[in-house]
Amino acid sequence: MDVSFILDALNDKQREAVAAPLQNSLVLAGAGSGKTRVLVHRIAWLMHAYEISPYSLMAVTFTNKAAREMQARIEQLVGVPPQGMWVGTFHGIAHRLLRAHWRDAGLKESFQIMDSDDQLRLVKRIMRELSIDETRWPPKQVCWFINAQKDEGRRAAHVPDSHDPFSRGMREMYYHYEEACEKNGLLDFGELLLRAHELMLTNPALLKHYQQRFVHVLVDEFQDTNTIQYAWLRLMVGEEGSITAVGDDDQSIYGWRGAKIENIQNLSKHFKDLHTIRLEQNYRSTGHILKAANGLISNNDDRLGKELWTDSGEGEPISVYAGFNEQDEARFIIEIIKKWRDDGNALKDMAILYRSNAQSRVIEECLVREQIAYRIYGGHRFYDRLEIKNALAYARLAIDPNDDGAMERVINVPTRGIGERSIGTIREIARDQGCSMWQAADQIVTHSLMPARAANAIKGFMQLIQGMASTLQNPDLGLGDIFDQIIAEAGLIPYHEKEKGEKGEARVENLKELVNAASGFNWLETDEEFSSPMMAFLDQAVLDAGEAQADEYQDSVQLMTLHSAKGLEFPLVFMAGVEENLFPSRMSFEEPGRLEEERRLCYVGITRAMQKLYITYAESRRLHGSESFNSPSRFIREIPEECLEEVRLRSQVARPVSMQRPDYSASIQRQNQNIMQGHTVPETNVSMGDRVKHPIFGEGLVVNYEGQGPQARVQVNFDDAGTKWLVLSFAKLEVL
DNA sequence: CTGCAGACCTGCGTC
DNA sequence: AGGTCTGCAG
């Protein structure tokens, strides 16, 4: 069979990666080097050149979007969908294994997946039942602790005992949480992975079956794998199978959620005869942009080493704009966007990237004022929205009235006279008798255990759910019709309609969208492990964000955080708010390794740009209600100077005469000088790290500085008075 | 039981 | 500044 079509359109390195022998291989794919392309062609190659059945292949990604894209591109290249191949996210595949082998995994058949919101609710519920002090152990932190343990593959029993009461409390909470999940058949996201790993570990026959089945496993974004994902992969691949890991250590930006960059660095230790290929030719960006990215990232240690290059010319230098404040910064960005638009460019080809979501508001306001369409990426997932989760909870309750989580959620939504007091009583009875809340409610109604008014409200609710249950049984109704009826019977539409503002309108829209999504849901696509379309739909709703942005196809400027920009590309990119304390985030200064991660995040940002990149920062910024003065980010200094140019806006904005913008290149020089002088603030005797004394605020530590001459200011962390910025020429500071 | 007013906290956010 | 959560008045 002629397989040349698979290799024809590739460069030498890509071809080497695609046509590599059937052995373990690591493809270090730089930004814009054709990573997905290699992965897809590799799959086609394995199928055609080695005649491996798609049934024997598994491809793992991190997001549903990536999984869908891969599936679509395989189909495009090969001509037919890869029948029998497993393509999915880590969680999706783990879930599939658990549904198929629920008994071996020690689960009940009806187990349910919780999202982070459900998890938090459960933790709160447990803590309240046990009367644990929520100020000492904040529920959010408890969740965070549990998830971090699971990322590391540890159950409560594996958490090492430490002797401080706080950690002990955390561990204890984990125990109680585990118990509650077990009892109610609930699995959080981390549990899916942990359980799938244990399933393989404790069932050698099953493990052997899958090891023999999957001849080759492919993993995308390998630098993002955490400990448990890595352990599971090692098991699944085994001694006989092999792996193709594709990733980029320079784009590892999820350390805070358990990703271990070491996994990619240590790959050769655990997978024998690892064949490493570097893809360094970039097809996305201009020379200047790549040079800037290379220069920046070279400041990180412990890299596997990679240098991007292109043969498509230098392009324009990167423009740096110093805004007077965040308003000015936004105005500048929109000015450039208008220029590009008027030159005939599509808005969807322009992206504004920022470090944190809070930064988007000022930019949005400016876009609205100028009537430029925009779209914000990320933010709330469709199925995470309150109104959607409520509708889904009604469906859950209709399927299984003993689902306490769902019951708690909707028993009084919309309000129907069942308040905290009544719910408390139901909960109490349920706990005393070890039955579900539904059964408890049933007793209240039949034995009149509560005042008539409350009992009647409960009775009404139960009849409502029973009605929904029979709707569910109606074989003539499709999934969409069922949701339509559930929403109508629950009265969710009028409930949200009377909400004030545009919020309610949006919620009603979303509910309609849910009916749409349910009608369009194709059960057959999701294979044989599910007992009913409704069950499959509910699981999918938890695992898939549901990209349901209504105006997805409208031509609009793209706004997103740097994190959600990974994997995307745009001809015109703005990186906004590139200031010390913001980017790199001040929180990255404390923990070792975090600054490097911030730098990688900046690298990701730079490499999103195809033709033109603007870096902007503001000299003063209002954030969280108070004003801060940050110096330009160190990352700007780390970019080779010849790649940069300073820009000023022609239409000058009004600014106080006294606040002249300092010359940008001068400020860089100044900072370089500062570094050479060991962070000494010019013309003073105060240095970073000095202890100083202030006549009013008392003693403190100098933690930051900026400006020079009469404007020079230092940030002092006072022992008692907190952190303050002081102008050196006014504040009478004494160095201790 | 419900609705409003003040306290709180505040990074990124897949599944 | 702004959303969520808790506490009190109707």
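Fair warning: this is a prediction, and the values are worked out from it, not measured in the lab. Numbers restart at 1 for each chain; the letters A, B, ... are given by sequence-line order, proteins then strands.
No hydrogens or angles considered: nothing links the side chains of Ser585(A) and Ser588(A) as a donor-acceptor pair under 3.5 Å. For the 3.5 Å distance criterion, the side chains of Asp403(A) and Gln112(A) qualify, holding a donor opposite an acceptor. Residues Tyr495(A) and Glu387(A) bring no donor and acceptor atom of their side chains to less than 3.5 Å of each other.
Across the protein-nucleic acid pair, Arg68(A) atom CZ and dC15(B) atom C1' stand 12 Å apart, rounded to whole Å. Atoms CD1 (Ile411(A)) and C1' (dC1(B)) sit 14 Å apart, rounded to a whole Å. One interatomic measurement links the two molecules: NZ of Lys140(A) to P of dC12(B), which rounds to 12 Å at whole-angstrom precision. The CD atom of Gln327(A) sits 13 Å away from the C1' atom of dA1(C) (whole-angstrom rounding). Across the protein-nucleic acid pair, Phe189(A) atom CZ and dC15(B) atom P stand 8 Å apart, rounded to whole Å. Summarising the geometry, the separation between OH on Tyr254(A) and C1' on dC12(B) is reported as 7 Å, rounded to the nearest angstrom. Going from atom CG of Asp220(A) over to atom P of dC15(B) covers 13 Å, rounded to whole Å.
Taking only side-chain atoms of Ser422(A), from C-beta outward, the nucleotide of dC1(B), dC15(B), dT6(C) with the closest atom is dC1(B). Of all nucleotides listed (dC15(B), dC12(B), dT6(C)), dT6(C) comes nearest to the side chain of Glu134(A). With distances taken from any side-chain atom of Met587(A) to the nucleotides dG11(B), dG13(B), dC1(B), the minimum falls on dG11(B).
Between Glu178(A) and Arg155(A), at least one side-chain N (NZ, or NE/NH1/NH2) sits under 4.0 Å from a carboxylate O, which counts as a salt bridge. A salt bridge does not link Glu134(A) to Lys124(A): none of the charged nitrogens lies less than 4.0 Å from a carboxylate oxygen. A salt bridge does not link Glu638(A) to Arg634(A): none of the charged side-chain nitrogens sits closer than 4.0 Å to a carboxylate oxygen. A salt bridge between Asp224(A) and Lys260(A) is absent, with no side-chain N of the basic residue lying under 4.0 Å from a carboxylate O of the acidic one.
Residue His624(A) places none of its side-chain N or O atoms closer than 4.0 Å to OP1 or OP2 of dC8(B). Contact annotation: Ser585(A) does not reach the phosphate of dC12(B) (side-chain N/O to OP1 or OP2, under 4.0 Å). Taking side-chain N and O atoms only, Arg361(A) has a distance below 4.0 Å to OP1 or OP2 of dG2(C). Contact between the side-chain N/O atoms of Asn357(A) and the OP1/OP2 oxygens of dG11(B) is not found at any separation under 4.0 Å. The side chain of Ser356(A) places no N or O atom within less than 4.0 Å of a non-bridging phosphate oxygen (OP1 or OP2) of dT10(B). Put simply, Asn412(A) has a side-chain N or O that comes within less than 4.0 Å of OP1 or OP2 on dT2(B). For the pair Ser564(A) and dG13(B), the criterion of a side-chain N or O lying under 4.0 Å from OP1 or OP2 is met.
A donor-acceptor contact under 3.5 angstrom links the side-chain atoms of Arg355(A) to the base of dG11(B). For Glu598(A) against dG11(B), a side-chain-to-base donor-acceptor contact under 3.5 Å is present.
Note on ring orientation: taking the six-membered ring where Trp is involved, the planes of Phe166(A) and Trp137(A) are parallel (angle under 30°, cut-offs 30° and 60°). Using bins of under 30°, 30° to 60° and over 60° for the plane-to-plane angle, the ring pair Tyr210(A)/Phe214(A) lands in the parallel bin.
Residue Arg594(A) is classed as a base contact, given a heavy-atom separation below 4.0 Å to a base. Using a 4.0 Å heavy-atom criterion, one finds that Leu193(A) contacts no nucleic acid atom at all. At the heavy-atom level, Asn64(A) lies under 4.0 Å from the strands shown only through sugar-phosphate atoms.
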Write down the protein N/O and nucleotide N/O pairs, taken from nucleotides 8-10 of chain C, whose separation is under 3.5 Å; answer none if there are no such pairs.
none

Take Trp256(A) and Tyr254(A) through the test ring pair (Phe, Tyr, Trp, His ring centres under 6.0 Å) and record every step on the way to the result. CA-CA 5 Å; Trp256(A) 50 274; Tyr254(A) 286 112; 5.6 Å; yes
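Nearer to the 5' terminus of DNA chain B, by closest-nucleotide assignment, is the contact made by Gly417(A) (compared with the other of Gly417(A) and Thr561(A)).
Counting all heavy atoms, side chain and backbone alike, Asn226(A) lies closest to Asn263(A) at O-ND2, 3.4 Å.
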DNA chain C in dot-bracket, Watson-Crick or G-U pairs under 3.5 Å, [ ] crossing, | other strand? ||||||||||
